[in-house]
Amino acid sequence: MEQRIGSSSQPLEGAGFDPAFIPGLTSPASGRTEDDGPEKEPEVAESEESAPEPEETAEESAAEPEEAGADGPVFEASDRRARMVADHRGVRLSLDDQECEFRWDEIGAVETETARFGKRYTVTVHTPDRRWYPIEIEAPARSHFKEWDEQLDAVLDAYFEEDAE
């Protein structure tokens with residue numbers, strides 16, 4: 001019979017312990033592993049010193065693809081706390097200081113719902129791995145619901161492709 005020394009329990013995983021566990025919630029990890037030795041640190045220091053130049057070129061290059069794909073429809077709705085943008089890049093949700101971004105290939109479905117009373121417009125982004133991310137936006141008036149539905153439908157028709165199974 002073989003006995004192991006140490007705990008047999010596995011480390012806990014999940015959003016409560018690692019915010020990067022939820023796709024689209026945070027940016028990917030830096031890619032640095034424990035095997036990277038001190039020889040990597042000077043390269044990081046050099047890149048920090050020359051950071052202003054690449055940032056300027058990154059802003060210029062980021063603006064070019066947005067302009068190229070900006071021909072299609074765009075949906076944007078926001079209130080004092082929440083904001084949602086759907087365009088050629090995907091869907092971006094933000095609430096206070098929290099943001100998440102979904103590319104079109106990461107989205108399984110987009111669902112909208114309006115409150116029976118009040119001015120709350122709820123958009124829920126569903127991912128293929130059975131997770132969902134709702135956001136509630138308070139409309140200035142209930143008449144905006146129909147307009148927002150039409151704009152969001154136009155964006156989904158243009159960019160979202162459902163897989164026929």
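Note that this is a predicted model, so its numbers are computed, not measured.
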Please give me the minimum heavy-atom distance between [X] and [Y], naming the atom from each residue.
{"X": "Ala86", "Y": "Leu152", "answer": "CB-CD1, 4.2 Å"}
{"X": "Val91", "Y": "Met84", "answer": "CG1-CE, 3.9 Å"}
{"X": "Tyr159", "Y": "Gly72", "answer": "OH-CA, 3.0 Å"}
{"X": "Ala154", "Y": "Pro73", "answer": "O-CG, 3.6 Å"}

From CA spacing to verdict: side-chain contact (heavy atoms from CB on, under 4.5 Å), Thr112, Asp149: CA-CA 8 Å; Thr112 62; Asp149 275 336; 3.4 Å; yes
Would you check if the side chain of [X] reaches a backbone N or O of [Y] as a donor-acceptor pair within less than 3.5 Å?
{"X": "Asp79", "Y": "Arg81", "value": "yes"}
{"X": "Arg142", "Y": "Gly118", "value": "yes"}
{"X": "Trp104", "Y": "Asp87", "value": "yes"}
{"X": "Ser94", "Y": "Gln98", "value": "no"}

Cluster overlap Phe75 with Phe160, hydrophobic side-chain contacts below 4.5 Å: yes
Phe145 with Leu156, same ILVMFWY side-chain cluster at under 4.5 Å: yes
From [X] atom [atom1] to [Y] atom [atom2], the distance as rounded to the nearest 0.5 Å:
{"X": "His88", "Y": "Arg103", "atom1": "NE2", "atom2": "CZ", "value": "13.5 Å"}
{"X": "Tyr133", "Y": "Ile107", "atom1": "OH", "atom2": "CD1", "value": "11.5 Å"}
{"X": "Glu106", "Y": "Thr127", "atom1": "CD", "atom2": "OG1", "value": "8.5 Å"}

Arg83 and Glu99 ion-paired at < 4.0 Å: no
Criterion side-chain contact (heavy atoms from CB on, under 4.5 Å) on Glu136 and Tyr121, from CA distance to verdict: CA-CA 6 Å; Glu136 289 185 341; Tyr121 184 76; over 6 Å; no
Partner residues of Ile135 under the side-chain contact (heavy atoms from CB on, under 4.5 Å) criterion, sequence neighbours left out: Ala82, Leu93, Val123
Salt bridge (charged side-chain N to carboxylate O under 4.0 Å, His left out) between Glu113 and Arg120, intermediate numbers included: CA-CA 9 Å; Glu113 183 180 351; Arg120 294 276 180 189; over 6 Å; no
